[in-house]
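Counting convention: from 1, in listed order, for ligands and their atoms alike. Values below: every heavy atom of this structure, side chains too, minus hydrogens, waters and symmetry copies.
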Amino acid sequence: MTPVLSQDNIFNYGDYVLIYLDRKRRILAKLEQNKRISSDKGVIIADNIVGKEKGSQIVTSLNIKAWALKPLLVDYIEKGIKRVTQVIYPKDLGFIIFMLGIESGARVLEAGVGSGNTTIVLAHFVKPTGHVYGYDNREDFLKIARNNIAKLGLENFVTLKYGDVRKGVDEKNLDAAVVDIPDPWEALNTIYNSLKPSAPVAFFIPSVQQLLKLYEALEDFKGFTDIRAFELILREYELSKTSIRPSTHIVGHTGFIMFARKIIKSL
Ligand SMILES: C[S@@+](CC[C@H](N)C(=O)[O-])C[C@H]1O[C@@H](n2cnc3c(N)ncnc32)[C@H](O)[C@@H]1O
């Protein structure tokens, strides 16, 4: 019996596809008429993917086999967006989402939108009833972030605002905050006033000096508790049937993540 496939499982024009040639060769492309998708293993014609079931095998012009996969959020983050600033990597984003308890319906502050990479991940997890309020003090970065967010169709779940978060934000009673600016200790008042009591905040911090300065400021502020700091090291393994071992090349350092939760200040 032929399985009945939902249209959702068939590639259409306008869909994105992840063409997986091998572990080092993954191409994210939009399916458009007459489009030729180039790789160093030959050309793939987009029209030949349209109508195929997601997960199907395809071949390049050099007769090399590949797979047409449905892209995941991580594929868009790694390959589909324009980056003009440092971004928070997936390993750190996953932990931040989990530690902040970000879920559908949450209203979240993002201080320092940059390229919109973190905004996209937050919007993905708070939709369809939650919202991300993102601030940046660079109009040019906000424009790029807006385009990146629209590419994933997440614009209805995000409000981007131009402004210096150290001077305050419009929102109150938010469920969580993610802060990725160089001097987060200057924004503690803003963050405190925007969160509901007990709500958590994550700070992404590149250097040890900044981590120490933030920690001292958080302790002195007396509006946060459960202050914790982490660094995540991720090692991918090289896989072959004759040798499985850690990869020689790893991302040595991305940043530290400091978490805290808002408390009601005692008189
Ligand atoms: C490293 S980027 C953020 C990247 C983002 N987390 C991501 O994953 O795409 C830091 C951003 O903070 C912005 N920024 C720095 N100080 C700021 C401030 N006081 N108020 C608002 N934005 C600020 C910068 O313009 C820059 O776009």
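Counting the atoms of ligand 1 from 1 in the order shown, those under 4.0 Å from a heavy atom of Gly163 are 20 (N), 21 (C). Listed by atom number, the atoms of ligand 1 under 4.0 Å from Pro182 heavy atoms are 15 (C), 16 (N). Residue contact check: Gln86 has heavy atoms under 4.0 Å from atoms 1 (C), 2 (S), 4 (C) of ligand 1. Every atom of ligand 1 is numbered from 1 in the order shown, and the set under 4.0 Å from a heavy atom of Val87 is 7 (C), 8 (O), 9 (O). Each of the atoms 9 (O) of ligand 1 lies under 4.0 Å from some heavy atom of Ser115. Heavy-atom contacts of Val113 reach the following atoms of ligand 1: 4 (C), 5 (C), 7 (C), 9 (O) (cutoff under 4.0 Å). Here is the list of ligand 1 atoms found below 4.0 Å of a heavy atom in Arg166: 19 (N). Distances below 4.0 Å separate heavy atoms of Thr118 from the following atoms of ligand 1: 5 (C), 6 (N), 7 (C), 8 (O), 9 (O).
The protein heavy atom nearest to atom 12 (O) of ligand 1 is Gly112 CA, 3.3 Å. Of all protein heavy atoms, the one closest to atom 11 (C) of ligand 1 is Asp136 OD2, 3.5 Å. Annotation: atom 14 (N) of ligand 1 to nearest protein heavy atom, Asn137 OD1, 3.4 Å. From the protein, the heavy atom lying nearest to atom 6 (N) of ligand 1 is Asp180 OD2, 2.8 Å.
Of the possible donor and acceptor atoms, none in the side chain of Lys52 sits under 3.5 Å from a partner among the backbone N and O of Phe11. Judged purely by atom type and a 3.5 angstrom limit, Lys151 has no side-chain atom pairing as donor or acceptor with the backbone of Arg146.
Considering only non-hydrogen atoms, atom 19 (N) of ligand 1 lies nearest to Asp164 out of Asp140, Ile77, Asp164. Atom 20 (N) of ligand 1 has its nearest heavy-atom neighbour, among Val178, Val84, Thr190, Val165, in Val165.
In this structure, Arg25 pairs ionically with Asp22, as a charged nitrogen and a carboxylate oxygen lie closer than 4.0 Å. Salt-bridge check for Glu171 with Lys161: passed, with a basic side-chain N closer than 4.0 Å to an acidic carboxylate O. Here Asp136 does not pair with Arg138 in a salt bridge; the nearest charged N to carboxylate O distance is not below 4.0 Å.
Inclusion of Thr85 in the set of residues having an N or O under 3.5 Å from an N or O of ligand 1 is not warranted. Checked by distance only, ligand 1 and Arg138 stay at 3.5 Å or farther apart across all their nitrogen or oxygen atoms. Of the N or O atoms in Asp183, none lie within a sub-3.5 Å distance of an N or O in ligand 1.
For Ala145, no heavy-atom contact with ligand 1 is shorter than 4.0 Å.
For the residue pair Ser207 and Gln210, a side-chain donor N or O sits within less than 3.5 Å of a side-chain acceptor on the partner.
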What pairs of donor and acceptor atoms, side-chain ones from residues 108-121 against any protein atom, are under 3.5 angstrom apart with sequence neighbours left out?
| from | atom 1 | to | atom 2 | distance (Å) |
| --- | --- | --- | --- | --- |
| Glu110 | OE1 | Thr119 | OG1 | 2.6 |
| Ser115 | OG | Val84 | N | 3.0 |
| Ser115 | OG | Thr85 | N | 3.2 |
| Ser115 | OG | Thr85 | OG1 | 2.9 |
| Asn117 | ND2 | Ile88 | O | 2.8 |

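With rounding to the nearest 0.5 angstrom, the CG atom of Asp170 is 11.0 Å from the OG atom of Ser194.
For residues 173-182, every residue pair satisfying the salt bridge (charged side-chain N to carboxylate O under 4.0 Å, His left out) rule, not counting sequence neighbours, is listed here: Asp175-Lys196.
The two residues Phe203 and Pro184 make their nearest non-hydrogen contact at CD2-CB, 3.7 Å.
Each of Leu18, Asp75, Ile37 was compared with Ile27 under the side-chain contact (heavy atoms from CB on, under 4.5 Å) criterion, and only Ile37 meets it.
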